[in-house]
Participant: 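Structure in structure tokens, see below.
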Amino acid sequence: MSILLFFLLLFVAVSQIREVESEARRSAAEVEKLQNQMSKVKNLSESEIQKAIEGAKKEKKIERLQEKVSNLQREVSGLDSLIQIRERYSDDEFDELVREASRNINRQQKINRLTERLEEAQSALDSTQNVLGDYRAQSINLTRRLREAGQGYPPCWADEEGNPQYMYTVQLLGDSLAVRPNWPNSREGDLKEVDGASTLAGRKVSRGRFAELAGPVLEWSKRQDPECRHFVVIEDSERTTKEEFKDELLLVERFFYKYIER
């Protein structure tokens, strides 16, 4: 068994040696070929070297020319196809084909322009949504701060500087309340959107009737996002006692935020 293994290893070793010798002979042949080429270059004169360089440049130019010829051949092939199409149709039919192709190109150009506009509009919409998100976050922050300050909700109506815009002036009469319009002209349209707002305006009502008519205005305010409150101006009356003033003021505060004129 040991002798068989020895001869097997010997056979493998001999095979590897022969491969190495073969590779060495090939390498030697390549080296010799390179040496011959280098020897030829050394023996060339300057004019012969220059001619060889010019020849190499010409080969490059020929390659570029062949590429141009190939491109021209493709264009000619396209023209041949167009000529073949032209020959299959009458003048009127061919003119109609040309017009239809032109219309298709125009339609595609319009589609491309519309696509660009849609992309611009989408970008503007994304930007607007980001701004609205900022406003909503700011509104939530402001609402929280108002609650911390004892005034729980932002005004339903405010001017450009954020100051409340008033809906009514409410005069406290002791046994009744007089409600007068106090909204700015710019809020005429908005007033119609508020449930019951027009009904309460311009009335002198009892405390119970005031609560009944002001209820829809409050419910509308609660449904807004974010929830808000309308503001009113409070006026006193000479005939109103301190106790009556306090009771009617508390009644108004159930439905509105107030500003008391001094």
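Each residue takes its place number in the sequence, starting with 1.
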Participant: Going by ring-ring contact (aromatic ring centres under 6.0 Å, His included), H230 matches just one of F255, W157, Y257, Y168. Which one?
Facilitator: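 Of all the options given, the one that passes is W157.
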Participant: So D195 and R223, salt bridge (charged side-chain N to carboxylate O under 4.0 Å, His left out) or not? Walk me through it.
Facilitator: CA-CA 11 Å; D195 297 339; R223 292 196 302 271; 2.6 Å; yes
Participant: Given the rule in the side-chain contact (heavy atoms from CB on, under 4.5 Å) test, do D247 and L172 qualify, once you have shown the distances and angles that lead to the verdict?
Facilitator: CA-CA 10 Å; D247 290 343; L172 309 183; over 6 Å; no
Participant: Can you list everything that forms a side-chain contact (heavy atoms from CB on, under 4.5 Å) with Q109? Sequence neighbours excluded, please.
Facilitator: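 So Q109 forms a side-chain contact (heavy atoms from CB on, under 4.5 Å) with I105, N106, R113.
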Participant: Rounded to the nearest 0.5 Å, how far does CD of Q165 lie from CG of N182?
Facilitator: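 Going from CG on N182 over to CD on Q165, the span is 10.5 Å.
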Participant: Report, as yes or no, whether the 6.0 Å neighbourhood of atom CZ on R117 holds more than 12 heavy atoms from other residues, nucleotides or ligands.
Facilitator: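 At most 12 heavy atoms, drawn from other residues, nucleotides or ligands, come within 6.0 Å of this atom.
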Participant: Working to the nearest 0.5 Å, report the span between CZ of F231 and OH of Y259.
Facilitator: 12.5 Å
Participant: Would you name the heavy atoms of F256 and M167 that are closest together and state the gap between them?
Facilitator: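 The answer is CE2-SD, 4.4 Å.
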Participant: For T240 and D236, work out which heavy atoms get closest and say how close.
Facilitator: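 T240 and D236 have their closest heavy atoms at CB-OD1, 3.8 Å.
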Participant: Distance-only criterion, 3.5 Å: show the donor-acceptor pairs between side-chain atoms of residues 202-211 and protein atoms not counting sequence neighbours.
Facilitator:
| from | atom 1 | to | atom 2 | distance (Å) |
| --- | --- | --- | --- | --- |
| R203 | NE | T199 | O | 2.7 |
| S206 | OG | R209 | N | 3.2 |
| R207 | NE | E248 | OE2 | 3.3 |
| R207 | NH2 | G174 | O | 2.7 |
| R209 | NH1 | E212 | OE1 | 3.2 |
| R209 | NH1 | E212 | OE2 | 2.8 |

Participant: Heavy atoms only: give me the nearest L191-A197 pair and the separation to one decimal.
Facilitator: CD1-CB, 3.5 Å
Participant: Hydrophobic cluster membership, with links at side-chain heavy-atom distances under 4.5 Å among I/L/V/M/F/W/Y: are L173 and V233 in one?
Facilitator: no
Participant: Shortest non-hydrogen contact from C228 to S221?
Facilitator: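 Looking at all heavy atoms of both residues, the shortest contact is O-CB, 3.1 Å.
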Participant: Starting at CD of E120, measure out to CG of L118 and round the result to the nearest 0.5 Å.
Facilitator: 9.5 Å
Participant: Taking only residues two or more places apart in sequence or in another chain, which ones pass ring pair (Phe, Tyr, Trp, His ring centres under 6.0 Å) with W183?
Facilitator: none
Participant: Would you name the heavy atoms of S237 and Q171 that are closest together and state the gap between them?
Facilitator: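 Closest heavy-atom pair between S237 and Q171: CB-NE2, 4.3 Å.
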Participant: After noting the C-alpha distance and the side-chain angles of Q108 and N112, does the key distance pass the side chain to side chain donor-acceptor pair (under 3.5 Å) rule?
Facilitator: CA-CA 6 Å; Q108 186 60 46; N112 291 340; 3.1 Å; yes
Participant: Taking it one step at a time, do L177 and V252 satisfy side-chain contact (heavy atoms from CB on, under 4.5 Å)?
Facilitator: CA-CA 9 Å; L177 301 92; V252 173; 3.7 Å; yes
Participant: Using a strict threshold of under 4.0 Å (side-chain N to carboxylate O), is an ion pair present between E244 and R239?
Facilitator: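 So R239 does not pair with E244 through a salt bridge.
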Participant: Would you say the side chain of W220 lies within less than 4.5 Å of the side chain of C156, judging by non-hydrogen atoms?
Facilitator: yes
Participant: Go through the steps for K258 and V170 under the test side-chain contact (heavy atoms from CB on, under 4.5 Å), then give the verdict.
Facilitator: CA-CA 9 Å; K258 68 183 185 304; V170 181; over 6 Å; no
Participant: To the closest 0.5 Å, what do you measure between CD1 (I260) and CG (L249)?
Facilitator: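 If I round to the nearest 0.5 Å, the distance is 5.0 Å.
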